[in-house]
Amino acid sequence: MSDEVVDALPNILITGTPGVGKSYLCQKLQEQLKFKWIDCSKIAKENDFIEEYDEEYECPILDEDKLMDYMEPLMAKGGNIVEYHGCDFFPERWFSAVFVVTCPNNTVLYDRLKDRNYNDKKLKSNIECEIFGTILEEAKDSYKPDIVFELKGETKQDAEQSLKTIKNWYKAWKRK
């Protein structure tokens with residue numbers, strides 16, 4: 001299989017700390033742009049792409065190789081919105097744009113994660129990840145700077161603005 005992704009439609013990565021609003025954006029983009037939404041966590045669970053279970057953080061550990069093998073033919077087709085809370089293991093060639101959703105208000109993020117019943121260790125780790133901008137830094141280190149964009153996910157208005165930003169990016173991409 002070729003290393004080139006077909007340019008019929010772009011692939012977009014939506015990443016960020018859990019609780020910042022990635023799924024909302026992906027759902028809206030799927031509806032409005034008619035792209036295929038690839039929720040990596042869901043695919044990993046459905047296909048048992050799990051290496052082990054982390055008891056301390058109460059979460060599965062992703063088998064990245066199995067996920068990559070599964071996704072390769074899907075990504076080659078283009079027109080995908082990929083959602084995951086990490087990004088450094090995805091091949092750069094897969095994406096025309098990487099959108100990192102952030103939630104600078106730690107109280108808002110804390111409440112969202114608490115509502116998901118995150119244990120204290122997992123909650124603290126994710127809040128620290130957001131405070132230190134870990135996912136944004138990971139994206140900047142893993143992809144060309146001109147394809148990485150930061151979006152805010154603190155409020156409903158932020159989510160709507162982020163949606164507009166991505167749709168405007170797509171309109172500009174189509175004109176290329």
Side-chain touch [X]/[Y], heavy atoms, less than 4.5 angstrom:
| X | Y | result |
| --- | --- | --- |
| W169 | S96 | yes |
| L62 | Y84 | yes |
| Q161 | T165 | yes |
| K36 | Q30 | no |
| M71 | W94 | yes |
| L13 | Y143 | yes |
| E83 | S23 | yes |
| V100 | F149 | no |

If you look at every heavy atom in [X] and [Y], which pair is closest and at what distance?
| X | Y | value |
| --- | --- | --- |
| G79 | N11 | N-OD1, 3.4 Å |
| C103 | E130 | N-OE2, 2.6 Å |
| G86 | T15 | O-OG1, 3.4 Å |
| W173 | A8 | CH2-O, 3.9 Å |
| F99 | I12 | CD1-CG2, 3.5 Å |

Taking atom types as modelled, find out whether [X] and [Y] have a side-chain donor-acceptor pair closer than 3.5 angstrom.
| X | Y | result |
| --- | --- | --- |
| E160 | Y24 | yes |
| Q27 | W37 | no |
| E92 | S142 | no |
| Q32 | K167 | yes |

Main-chain N/O of [Y] paired with [X] side-chain donor or acceptor, under 3.5 Å:
| X | Y | value |
| --- | --- | --- |
| E138 | C87 | yes |
| S125 | K121 | no |
| S162 | K152 | yes |
| N80 | I38 | no |
| T102 | L136 | no |
| D54 | C59 | no |
| D88 | A139 | no |
| N47 | F49 | no |

Hydrophobic cluster identity match, I50 and L67, side-chain contacts under 4.5 Å: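 Cluster IDs for I50 and L67 differ.
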
With hydrophobic residues grouped by side-chain heavy-atom distances under 4.5 Å, do I61 and M68 end up in a single group?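 I61 does not cluster with M68.
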
Lys/Arg N to Asp/Glu carboxylate O, R93 vs E72, below 4.0 Å: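 Answer for the salt bridge query: yes.
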
For residues 108-115, dump all side-chain donor-acceptor pairs below 3.5 Å to protein atoms at least two apart in sequence or in another chain.
unit_1, atom_1, unit_2, atom_2, d
R112, NH1, G19, O, 2.8
R112, NH1, G153, O, 2.8
R112, NH2, G153, O, 3.1
R112, NH2, E154, O, 2.7

Around atom NZ of K140, are there more than 12 heavy atoms from other residues, nucleotides or ligands closer than 6.0 Å?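 12 or below, so no.
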
With side-chain contact (heavy atoms from CB on, under 4.5 Å) as the criterion, how do C40 and H85 come out once you've worked through the C-alpha distance, each side chain's angles and the decisive distance to 0.1 Å? CA-CA 9 Å; C40 293; H85 57 266; over 6 Å; no

Report the distance from atom SG of C129 to atom CD1 of I135, rounding to the nearest 0.5 Å.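 Rounded to the nearest 0.5 Å, the SG-CD1 separation comes out at 4.0 Å.
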
What about Y170 and F35, are their ring centers closer than 6.0 Å?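 When the ring centroids of Y170 and F35 are compared, they turn out to be within the sub-6.0 Å range.
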
Stepwise side-chain contact (heavy atoms from CB on, under 4.5 Å) test for N119 and L123: CA-CA 6 Å; N119 70 35; L123 216 156; 5.9 Å; no

Evaluate the side-chain contact (heavy atoms from CB on, under 4.5 Å) criterion for residues I166 and I14: first the C-alpha distance (whole Å), next the side-chain angles of each, then the deciding distance (0.1 Å), finally the verdict. CA-CA 10 Å; I166 297 169; I14 307 286; 3.7 Å; yes

Evaluate side-chain contact (heavy atoms from CB on, under 4.5 Å) for L163 paired with L25, printing each intermediate quantity in order. CA-CA 6 Å; L163 190 57; L25 279 178; 4.1 Å; yes

